[in-house]
Structures are given as C-alpha cells and as structure tokens.
Amino acid sequence: MSSATSNVKYTASRAADSKPLEYVARAGFIGYGIIHLLFAWIAFQVAFRGSGQESDQSGALQTLAGNGVGKVLLVLIAIGMVGLAIWQGFEAVIGESGPRDRTAVAERVISGVRAILYLWLAWYAINVLRGANASMAQNQENKSAGIMSHDGGRWLIGLVGLVVLGVGIGIFVYGLRKKFVKHLNTEQMAASVRKSTVRLGMLGYMSKGVAYGIAGILVVAAAVTFDPEKARGLDAALKTLAGHPWGVWLLALIGLGIAAFGIYCFAQARYRKV
C-alpha cells in the first residue's frame with residue numbers, strides 16, 4: 001500500500017513539474033485577476049449606482065460575455081482555471097516541499113478546496129458562454145430554500161453560514177499575517193515591487209475576508225429568520241452593505257480591496273511558486 005502511494009505521489013510530482021502546466025497555471029492567475037477586477041467594478045456600481053447586477057464572480061463572468069472579445073477572454077479564463085485546478089490538485093496530493101507537520105496538512109487541504117473553486121469558476125465560465133443562467137447567487141438561494149424546507153435544514157444552513165464566516169476570518173488573518181508571502185519568489189523581486197506586492201496581497205485578502213465574513217453572517221441570519229434570500233453569498237453581502245449609508249463606503253473599500261487582489265493576481269502570474 002505504501003509503495004502504491006509513493007508511486008502515485010511520484011507520478012503526480014512529475015506531472016506537477018510540467019512546463020506546459022506551469023504556463024497554463026500562470027495564465028490562470030491573469031484570468032483570476034481579471035475576474036476580480038470586474039468583480040470590484042461591479043461592487044462600485046452597486047455601491048454608487050444601485051446596480052442590480054450579480055455582485056459576485058458569476059456577475060464578473062457575465063460582464064465579459066457582452067461582446068466578442070469578452071467571449072474570447074472567457075474561453076481563456078476557463079482554460080486557465082482548469083490549469084489552476086489541476087496544479088492545486090497536484091499540490092493537494094503531493095504537498096509542498098518542507099516539514100510534514102500540521103501546517104503542511106492544512107496547506108494540502110486548502111489546495112484541494114482551491115482546486116474545487118477553480119473548477120467551479122471554469123464551469124461557470126463555460127455555462128456563461130453557452131448562454132445558460134449562471135447566477136451563483138440565485139442557485140445558492142434556491143438550494144438554501146430547498147434545504148430549509150426539510151427537517152433540520154435550517155440547522156444545516158446555519159452550520160454552513162458559520163463555516164463561511166470562519167473562512168472569512170481565516171482569509172482575513174491570512175492576509176493580515178502575510179502568510180501568502182511564503183508562496184512567492186520574493187528573491188526575484190526588486191525591493192519596491194516586493195513592498196507593493198505584499199501591500200496589495202494584504203489589502204486583497206483582508207477585503208475578501210470581510211466580504212466572506214459578512215456573507216457567512218447573512219447565511220446564519222437566513223437560517224434563523226427562514227429567509228433564503230439572505231443566503232445569496234457575496235451578492236447578498238455586498239447588496240446588504242449598499243442598503244445602508246455607512247455600508248456604501250465600506251462596500252467601496254471592499255471593492256478597492258478586491259481590485260487590489262486582482263492586481264496581486266497579476267503579480268502571482270510572474271512570481272508565484274508553481
């Protein structure tokens with residue numbers, strides 16, 4: 001059994017070192033950055049113009065589908081997301097080099113979650129290209145309503161909300177403590193580039209953490225009040241903020257942070273350890 005496991009890890013390690021996969025993964029970071037820049041633009045639209053557009057990743061993908069150039073970008077983004085998913089899948093199987101401690105195990109779990117997220121975004125991009133209804137928020141609301149209609153469903157949705165809240169706190173701390181820096185080839189950066197990249201990463205991760213934290217709180221509220229409309233993920237979180245005078249400015253700051261994360265993704269395309 002140990003020998004079979006070793007063979008699997010060896011094969012995965014060889015595949016992970018593939019140059020074509022590295023190039024596709026780096027291109028994927030550019031696509032991921034574009035998604036977040038569009039996401040930020042939508043957040044600003046919701047904050048200051050009351051836009052009803054989906055204020056999440058699916059809204060960003062739908063924005064691209066409006067013209068021919070955008071559709072070409074959608075194809076490239078879908079390919080890049082698949083590349084990122086494959087790369088993170090290998091990271092989940094073999095892990096990064098270094099001590100095999102609890103932190104390494106946690107990193108492998110996170111890599112697996114990222115792989116699923118990237119595949120999900122690729123799937124949404126393909127659905128948008130096909131002209132299908134690819135609203136993440138509406139899907140989340142419909143599924144929440146279905147689950148809450150069953151015995152114990154509200155408890156399950158409440159648990160999901162707590163998990164999302166925990167993820168938001170984790171992302172915020174990840175950015176605050178600059179844990180992302182260890183994944184970058186900082187020795188290849190000029191001092192000014194390193195400083196700006198770290199600041200962009202901090203602002204980006206912390207802003208995403210706040211957005212997910214608010215989304216988690218709303219999902220818990222949806223379970224408590226039996227209101228599936230609150231369980232629309234990031235879309236509900238950002239639009240809830242836009243409904244309050246003070247929330248508009250917090251939403252604008254979150255949008256700025258998400259834009260910073262988009263630019264940070266471009267830096268990852270060059271300096272991320274792949």
Side-chain angles (χ1 to χ4, degrees), residues 15 18 20-46 49-90 92 111-147 149 157 160 164 167 208 211-212 215 219 228-239 255 258-259 261-262 265-266 268-269:
S18 164
L21 177 59
E22 177 185 342
Y23 296 146
V24 173
R26 292 193 184 282
F29 279 120
I30 296 175
Y32 203 43
I34 292 172
I35 290 174
H36 280 81
L37 287 177
L38 288 171
F39 185 5
W41 180 80
I42 292 171
F44 285 124
Q45 296 290 309
V46 171
R49 295 187 180 180
S51 172
Q53 190 172 359
E54 298 289 348
S55 51
D56 55 19
Q57 292 94 330
S58 65
L61 294 174
Q62 289 164 9
T63 299
L64 285 175
N67 55 67
V69 175
K71 289 180 179 178
V72 172
L73 273 176
L74 271 177
V75 173
L76 296 176
I77 286 173
I79 294 172
M81 291 301 101
V82 171
L84 284 174
I86 294 172
W87 165 55
Q88 284 295 291
F90 284 136
S111 290
V113 173
R114 285 173 178 158
I116 294 171
L117 170 63
Y118 295 142
L119 280 178
W120 195 20
L121 287 174
W123 180 73
Y124 266 94
I126 293 170
N127 272 354
V128 170
L129 281 168
R130 292 173 54 234
N133 179 17
S135 168
M136 289 184 183
Q138 189 61 51
N139 286 341
Q140 289 167 356
E141 180 181 340
N142 292 341
K143 288 178 181 177
S144 296
I147 293 172
S149 66
I157 293 299
V160 170
V164 174
V167 169
K208 288 185 69 174
Y212 276 101
V219 172
E229 190 172 345
K230 293 179 181 177
R232 291 173 62 89
L234 291 176
D235 179 66
L238 301 189
K239 287 179 179 174
I258 292 171
F261 186 83
C265 286
F266 297 154
Q268 285 194 95

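Note that the structure is a prediction, hence the values are computed from the model and not measured.
Between Tyr32 and Lys208, the shortest heavy-atom distance links the atoms OH-NZ, 3.7 Å. Smallest separation of non-hydrogen atoms from Ala122 and Val82: CB-CG2, 3.8 Å. The minimum heavy-atom distance linking Ile258 with His36 is given by the pair CG2-O, 3.3 Å. Nearest heavy-atom pair across Ile157 and Val219 is O-CG1, 3.4 Å. Closest non-hydrogen pair, Leu119 versus Ala85, comes out as CG-CB, 3.5 Å. Scanning both residues, Gly112 and Ala92, for their nearest heavy atoms gives N-CB, 3.7 Å.
Looking at Val113 and Leu117, their side chains never come closer than 4.5 Å, going by heavy atoms from C-beta outward. Here the side chains of Phe266 and Ile30 are in contact, with some heavy-atom distance below 4.5 Å.
Under the side-chain contact (heavy atoms from CB on, under 4.5 Å) criterion, Val72 pairs with Leu76, sequence neighbours left out. Ile116 meets the side-chain contact (heavy atoms from CB on, under 4.5 Å) test with no other residue; sequence neighbours excluded. Ala78 pairs by the side-chain contact (heavy atoms from CB on, under 4.5 Å) definition with Ala125, Ile126, not counting sequence neighbours. Residues passing the ring pair (Phe, Tyr, Trp, His ring centres under 6.0 Å) test with Phe29 are Trp87, sequence neighbours excluded. Residues forming a side-chain contact (heavy atoms from CB on, under 4.5 Å) with Leu73 (at least two apart in sequence, or on another chain): Ile34, Leu64. Partners of Arg114 by side chain to side chain donor-acceptor pair (under 3.5 Å), not counting sequence neighbours: none found.
Sorted by first and then second residue, the salt bridge (Lys or Arg N to Asp or Glu O under 4.0 Å) pairs involving residues 64-84 (not counting sequence neighbours) form an empty list.
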Please lay out, stage by stage, how Leu21 and Phe90 fare under the test side-chain contact (heavy atoms from CB on, under 4.5 Å). CA-CA 11 Å; Leu21 177 59; Phe90 284 136; 3.7 Å; yes

Take Gln268 and Arg26, measure what side-chain contact (heavy atoms from CB on, under 4.5 Å) needs, and give me the verdict at the end. CA-CA 7 Å; Gln268 285 194 95; Arg26 292 193 184 282; over 6 Å; no

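Outside the 6.0 Å centre-distance limit, the rings of Phe261 and Phe39 are not counted as a close aromatic pair.
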